[in-house]
Amino acid sequence: MGVYCKHMARKAREKSESGMYHVVLKGNDKLLFAEDDDYRRFLTLLASAAERDFVEVYGYCLFCETAHLVLKEGLRPIGETLKRLVSAYAVQCNEKYERHGKLFHDRYISETIETDEDLLDAVRFVSRLPLDAGETLAYAYSSFNNYMQKKGLRSDALVLLTDGSLVRFAEEMEKPPVRAFATGEKRQTLTDAEVAARIKRRTHFMTVEEAERITLPMLGELAYALRQEGASIRQLSRVLQVSKGTVEKALKIYAV
């Protein structure tokens with residue numbers, strides 16, 4: 001009989017074939033950024049890391065307790081680049097505030113991005129995070145401003161996905177994201193029964209016959225609202241008895 005291990009091994013991170021990731025860094029019960037100077041210090045270190053390791057920075061959004069980054073790894077695996085970045089910032093921050101212990105949560109969140117469509121969607125998600133906090137797209141510590149002002153950390157390759165037009169880029173950022181990305185907060189999960197009950201309430205107890213005639217835009221609006229409440233695309237597919245591809249197509253139509 002094997003020896004019982006108290007702590008299960010951590011799940012290996014998913015490796016991106018494209019090298020692109022959405023990353024969420026979280027504070028370890030401490031504020032990551034307490035003053036404007038802290039935000040600027042982190043961005044300076046991020047720019048230095050990007051230049052040193054040839055990392056492409058597509059987007060970012062910083063809040064007092066979390067940092068969202070959309071990156072493409074360069075000379076080193078993304079984990080090594082991030083480790084050097086957070087270590088350098090933590091040392092400077094701890095010295096400034098004369099504190100000890102870990103500043104960042106042990107394990108950052110990373111999500112793979114494999115297509116240009118998902119890349120644009122990831123930057124759209126990150127750029128729109130300030131809206132949930134009562135801010136605007138022009139939030140001071142978001143990369144959206146860098147694109148609009150043509151300065152700071154940004155990627156010309158990303159703008160090419162909107163035919164090089166900043167007007168179209170801004171329009172894309174105003175759309176709700178199609179894919180669900182990690183917020184860094186503990187996400188509410190719903191049972192199939194709870195999802196079914198919420199569907200009934202949102203459709204005013206639509207009958208089965210009526211549900212079969214629902215249009216894709218209507219399905220997209222319904223699916224988007226329920227995803228915000230914790231339902232997954234696969235779960236919606238199961239409860240609504242439509243294919244996963246149909247739910248995804250409806251979400252894309254709703255986002256246009």
Side-chain angles (χ1 to χ4, degrees), residues 14 18 20 22 58-59 61 68 70 111-139 142 144 147 158-256:
E14 186 178 355
S18 69
M20 299 186 296
H22 167 234
Y58 297 110
C61 189
H68 288 258
V70 183
E111 299 178 301
T112 60
I113 300 169
E114 302 296 357
T115 66
D116 288 346
E117 186 179 51
D118 272 357
L119 171 60
L120 195 61
D121 208 35
V123 178
R124 181 186 294 121
F125 168 77
V126 168
S127 297
R128 291 175 57 83
L129 283 171
L131 301 182
D132 295 332
E135 300 282 350
T136 67
L137 286 176
Y139 173 66
S142 163
F144 178 80
Y147 286 99
L158 180 67
V159 181
L160 289 177
L161 297 182
T162 57
D163 299 326
S165 167
L166 286 179
V167 172
R168 276 202 59 200
F169 177 82
E171 289 173 348
E172 284 293 333
M173 296 303 104
E174 291 174 356
K175 299 176 183 177
V178 174
R179 174 176 160 182
F181 290 92
T183 63
E185 299 175 356
K186 196 166 185 179
R187 188 176 175 86
Q188 178 185 6
T189 57
L190 301 174
T191 65
D192 283 7
E194 289 173 327
V195 171
R198 293 183 186 217
I199 289 172
K200 286 183 178 180
R201 286 200 301 272
R202 286 186 172 276
T203 60
H204 304 290
F205 296 89
M206 180 183 291
T207 66
V208 174
E209 291 75 18
E210 289 170 334
E212 288 177 350
R213 296 193 297 271
I214 191 171
T215 64
L216 282 176
M218 290 170 62
L219 175 60
E221 182 178 3
L222 176 63
Y224 179 79
L226 289 167
R227 281 180 61 214
Q228 298 301 106
E229 295 176 10
S232 69
I233 290 178
R234 195 174 298 279
Q235 188 176 37
L236 288 168
S237 166
R238 189 166 59 244
V239 175
L240 290 166
Q241 297 184 21
V242 297
S243 71
K244 178 172 173 285
T246 298
V247 177
E248 291 174 337
K249 182 178 180 180
L251 284 166
K252 289 176 182 177
I253 290 174
Y254 177 68
V256 172

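Each residue takes its place number in the sequence, starting with 1.
No side-chain donor-acceptor contact under 3.5 Å links R179 to the backbone of A122. S18 places a side-chain N or O within donor-acceptor distance of the main-chain N or O of I113, the cut-off being under 3.5 Å. No side-chain donor-acceptor contact under 3.5 Å links E14 to the backbone of T112.
For I199 against T203, the heavy-atom pair with the smallest separation is O-OG1, 2.7 Å. For the residue pair Q235 and T191, the shortest heavy atom distance occurs at NE2-C, 3.4 Å. Minimum heavy-atom separation, F144 to L137: CD2-O, 3.1 Å. Residues S127 and M173 share a closest heavy-atom pair of OG-SD, 3.5 Å. Across all their heavy atoms, P177 and D121 have their closest contact at CA-OD1, 3.2 Å.
Between L158 and F169, the closest side-chain pair of non-hydrogen atoms falls below 4.5 Å. The side-chain heavy atoms of T246 and L240, taken from C-beta on, include no pair separated by under 4.5 Å.
Using a 30° and 60° split on the angle between ring planes, H22 and F125 fall in the perpendicular class, above 60°.
Scored by the side-chain contact (heavy atoms from CB on, under 4.5 Å) test, D116 finds L161 as partners (sequence neighbours excluded). For R128, there are no salt bridge (charged side-chain N to carboxylate O under 4.0 Å, His left out) partners two or more places apart in sequence or in a different chain.
In this structure, M20 CE and T115 OG1 are separated by 7.0 Å, a value rounded to the nearest 0.5 Å. Between L226 atom CG and L236 atom CG the span is 5.5 Å, to the nearest 0.5 Å.
T162 and S165 are not linked by any side-chain donor-acceptor pair at a separation below 3.5 angstrom, with hydrogens and angles left out of the test.
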